[in-house]
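The next block holds one structure in the form of structure tokens; read it before the comments.
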Protein chains: 2
Amino acid sequence: MTTARRDTYTPQTLLEVAVRVFNERGYDGTSMEHLSKAAGISKSSIYHHVAGKEELLRRAVNRALDGLFAVLSEEHARVGRAVDRLEYVTRRTVEVLVDELPYVTLLLRVRGNTDTERWAMERRRDFDHQVAALLKEAAADGDLRSDVELRLATRLLFGMINSVVEWYRPDSRGAADGAEIADAVVRLAFAGLRTDG
Amino acid sequence: MTTARRDTYTPQTLLEVAVRVFNERGYDGTSMEHLSKAAGISKSSIYHHVAGKEELLRRAVNRALDGLFAVLSEEHARVGRAVDRLEYVTRRTVEVLVDELPYVTLLLRVRGNTDTERWAMERRRDFDHQVAALLKEAAADGDLRSDVELRLATRLLFGMINSVVEWYRPDSRGAADGAEIADAVVRLAFAGLRTDG
DNA sequence: GTCTATATTACGATAGAC
DNA sequence: GTCTATCGTAATATAGAC
């Protein structure tokens, strides 16, 4: 818990420490005392860098959300057949999730107890809805199997994607990287989704 | 938040209220004050029924774990071809998850901050490992596609199953029941897993 | 079985020295 | 930029009356 770390913090470097502790203990389970121990500075020193605990949460979830929304703006997410765009967005979402792992992890766990959390949940729902729209479009094109109900498939696809934060650890030896995991997700999910298998 | 509910509690009926609030606000984000408001009795009255907050958590996660382990003891989980046993366990796990939704939801969210939480995480890991062993056996039988790495497939299958707690709500109109969701999971996942598609 | 009142500790945040 | 000291509040839990 007490991480050595001298040589002055910035809001960003402090955020890295905080997000790690938030993910270990949960946001509500983390006190400023926990953060100060992990950062190796006193509680009051933290307030020199950020306004408080909730600002750290806000910075973290916004970073995650910005990364996710950026995917929807990419060219391959906007042009082409819907089912292919869906597959592309699925792949890139997994990659962002792996690249920004601690931030997305925190985002996926907020419960809505504060304004910041509710705002994060709302933006996240917006992202989900945009992907769900892609799925709907692909179904209308006749590119998705019809024996699995659409809303259900959307939920399960997200479930598979989002579950990556529960086990992926970049440091583990021989671990797959973002692209490999994305491959596996796309292969597994789209085998059950695409009309052609 | 303030749920009307007069006519004396038992540990079990109090548990039902507590687990609902735990799932709404998170365990660490829930105070005894929150619980007392939701139950409609005073804080101190809660201590008449249970030893404290952590006992409520312990009762809840144990109920979830008992339900999950019971699946592994069922006949179809113990005899037959491994891939079929895996499919059966997958289906039944989803059903238990839906039947015991609030309890399993809580189980899947514990972070390990207390002894109770660490104990729950350990038992849950044990369950996961037993299912993972089934997957390994099915692969050895040549019944699983070999182009998706085994550990990865295990993780993603669990991710899909466990994600059900994030969105399934038994009260929503026209919602699928446990068996239907289990069907969808099995169809989607095993299309990408089984050698024959 | 439920209550009010309270003990005790932990929390988020601030004041002010260096 | 970091510290010690501290404020005010909210937390878990208990005491004891009814």
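We name chains A, B, ... by the order of the sequence lines, and we start the count at 1 in each one. Just so it is clear, the values below take in all heavy atoms, side chains as well, and ignore hydrogens, waters and symmetry mates.
Atoms NZ (B/K43) and P (C/dT8) sit 16 Å apart, rounded to a whole Å. Here D/dA13 presents its C1' atom at 14 Å from CD of B/E55, a figure rounded to the nearest Å. Atom NZ in B/K37 sits roughly 16 Å away from atom P in C/dT2 (whole-Å rounding). Separating the CG atom of B/N113 from the C1' atom of C/dA10 is a distance of 15 Å, rounded to the nearest angstrom. Distance, A/L56 CG to C/dA13 P: 10 Å, rounded to whole Å. With rounding to whole Å, B/E54 atom CD is found 18 Å from D/dA11 atom P. One atom, OH of B/Y47, and another, C1' of C/dT8, lie 12 Å apart when rounded to the nearest Å. Rounded to whole Å, the distance from CD on B/E33 to C1' on C/dT4 is 13 Å.
B/S42 comes within 4.0 angstrom of a base, heavy atoms only. Residue contacts shown for A/T30 are limited to sugar-phosphate atoms, with no base heavy atom under 4.0 Å away. B/K53 comes within contact range of the sugar-phosphate backbone alone, with a heavy-atom separation under 4.0 Å but no base atom that close.
With D/dC3, D/dA13, C/dT2 as the candidates, the nucleotide lying closest to the side chain of B/S45 is C/dT2. With distances taken from any side-chain atom of A/H49 to the nucleotides D/dT2, C/dA13, C/dC3, the minimum falls on D/dT2.
Close to C/dA10, at under 4.0 Å from its OP1 or OP2, lies no side-chain N or O of A/H34. Between B/H48 and C/dT2 there is no side-chain polar atom (N or O) within less than 4.0 angstrom of OP1 or OP2.
Between the side chains of A/E117 and A/Y27, no donor-acceptor pair is found at a separation under 3.5 Å. A donor atom on one side chain and an acceptor atom on the other are found under 3.5 Å apart for A/H34 and A/S31.
Of all non-hydrogen atoms in B/D177 and B/Y168, the two that sit nearest each other are CA-OH, 3.9 Å.
Atom OH in A/Y103 sits 10.5 Å away from atom CG in A/L101 (nearest 0.5 Å).
Judged by atom type and distance alone, B/S44 reaches the base of C/dC3 through a side-chain donor-acceptor pair under 3.5 Å.
Judged by closest nucleotide on DNA chain C, A/G29 is the one of A/A51 and A/G29 placed further toward the 5' end.
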Run the salt bridge (Lys or Arg N to Asp or Glu O under 4.0 Å) check on A/D99 and A/R92 step by step: do they pass? CA-CA 10 Å; A/D99 288 346; A/R92 288 286 298 127; 5.3 Å; no
